Structure formats: C-alpha cells, structure tokens
Amino acid sequence: MNQTELYQKALELSGLTVLQLAQQLNLSPPNGLVTAKGWFGQAIELFLGVQAGCSPVPDFPQLQIELKTIPVNQKGQVIESTYVTTLPLMNHQQFIWHESTCYKKLQNVLWIPFEGDKHLPFLQRRIGQAILWSPSDEQYDILKSDWEHIIEWVLMGKIEQITGSIGQYLHIRPKAAHSRVLTKSIGHEGEIIQTLPRGFYLRTALTQQIILKA
DNA sequence: GTCTGATCATGA
DNA sequence: TCATGATCAGAC
C-alpha cells in the first residue's frame, strides 16, 4: 500500500457513524468511552490495516505515516489534545531530534476527525474527512524548539520541574496507569531517580490549525 | 513496567 | 471554561 492508496482508503470512512464502522469490522462497540478510551482509534487502525503492537514507531513504518483520530465539536473545534509518544528519560538515542520517535511520528500524520461532542450518543457520532498532514516550516520550527526545550530540562535532571505549561505546540503530561507508577530518570546530580512517566502531547493550538486548514 | 490507543476530571 | 494532571484498556 502506498500513500495515495492509504489516503483513499481513509476517505472511505467519511460520513460513517461509529456504529456503521463497528458493523463493518464485526466489532461490538462499547456504549461509551469512559472505560474504552482508545476503542475508536483502535477500530480505525483495524479498518486501515495497522499492525497492532506497542513498538514506538509510526503506524505505517514504510510510509512514515502516523495515524491519529481527533475529536471535533459541531463548530469544527478540536476538543482534546493528542498523544504523540513517550517522553524519553534514559534512552540516549532519543535525545537527538532526528533520531527521536517524536520527530519520526510527526513527519506525516493521517488525521481522522470525528464528532466528539459528549452529548452525542457515541454510536451515532460520524467520522469526518481524513487529512494527510506534514508540518509547515513554521510549525516544524516550533515543534522542534518545544521538543529541544523539554529534552534539555530532562538532560539537566529537571524532570520534576517540567510542567504541562511548557511548550507552544508540544508539551508533556503524565502518561501512566495512575500517578504512583515510577520509571527511571536523571536527577539533578546526574544520579538515577524514580519519576512518573510522561508523554508528549500536541496542543489544540496546533491541531486546530490542521483541522481548520483542511 | 513500557509501550500503544486515548479521554476524563478537577482546579484556577 | 479549559488546560494540566490523572486515569482507563490492552498487548507484551
């Protein structure tokens, strides 16, 4: 499958409801998202033929394309931020921008917008028109500088001091089963410390531009 | 625990 | 109201 074929396949989703998607895939859909937060994203993966897995690479490695679903309200406004990848804390290879999973995942993203208004019954929500996006020069520069800023703090052993308010398009937030989960990181003396795992997220400041422009 | 898929829920 | 911090589900 090449890029065009993938995009054409994604366009077939346009206008389908969640229920129709589930029927087409022979899945029994959940009644809501509280206990099935990732269900929709995984159903779309199944439809487009993404290999299920947990390795930190783009969904379509050969095409360098990452797949993202994104909830939008009736005014076309993005409702939620978008998870990108885990924040590297000990993996040195990941401290180089061009080697980072974050860079690789953001080169090309296939966005699948869908109705995310909470008052809409989940099964009746419709899927929108897919968007194949790559960052503009300006978006790229901001993403890179956000990333470098955050990684610099990690390298200086200041992981505990990075809050979600840092970063214009890209920021970090907790990413774990719960707030007691611990993983290794660098302390301010260069020693190994235990800390809560974080992930990179895209702010709506960026994703709104992408959805609007399409 | 570590990764993926994400949205929930609460405080300012 | 909305951004930050917390949490849910599943594969491995």
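Since we're looking at a predicted model, the values are computed, not measured. Reminder, nothing fancy here: chain letters follow the sequence lines and each chain counts from 1. Below, each value reflects all heavy atoms present in this structure, side chains not excepted, and no hydrogens, waters or symmetry copies.
Taking atom CZ of residue A/R125 and atom P of nucleotide B/dA6, one finds them 14 Å apart after rounding to whole Å. Whole-Å rounding puts the A/Q42 CD to C/dG10 C1' distance at 7 Å. Straight-line distance from the CZ atom of A/F60 to the P atom of B/dG5: 11 Å, rounded to whole Å.
Side-chain contact, A/Q94 with A/Y103: no donor N or O sits under 3.5 Å from an acceptor N or O. Between the side chains of A/R173 and A/S81, at least one donor N or O lies within less than 3.5 Å of an accepting N or O. Using a 3.5 Å distance cut-off with no hydrogens or angles, the side chains of A/Q129 and A/W111 do not pair a donor with an acceptor.
Candidate nucleotides C/dG10, B/dA6, B/dC8 were compared by shortest atom distance to the side chain of A/E80, and B/dC8 ranks first.
Near DNA chain C, meaning a heavy atom under 4.0 Å away, the residues from residues 152-186 of chain A are A/T163, A/G164, A/S165, A/H171, A/R173, A/P174, A/K175, A/A176, A/A177, A/H178, A/S179. Using a 4.0 Å cut-off on heavy atoms, the residues of residues 199-207 of chain A that approach DNA chain C are A/Y201, A/R203, listed by number.
Of the charged side-chain nitrogens involved, none lies within less than 4.0 Å of a carboxylate oxygen, so that A/E5 and A/K9 do not count as a salt-bridged pair.
A/G38 comes within 4.0 angstrom of a nucleotide base, judged by non-hydrogen atoms across all strands. A/Q77 comes within 4.0 angstrom of no nucleic acid atom, judged by non-hydrogen atoms across all strands.
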Dump the intermediate steps for salt bridge (Lys or Arg N to Asp or Glu O under 4.0 Å) on A/E160 and A/K158, then the final yes or no. CA-CA 5 Å; A/E160 300 293 358; A/K158 294 184 172 177; over 6 Å; no
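Without hydrogens or angle criteria, A/S185 side chain to A/T195 main chain gives no donor-acceptor distance under 3.5 Å.
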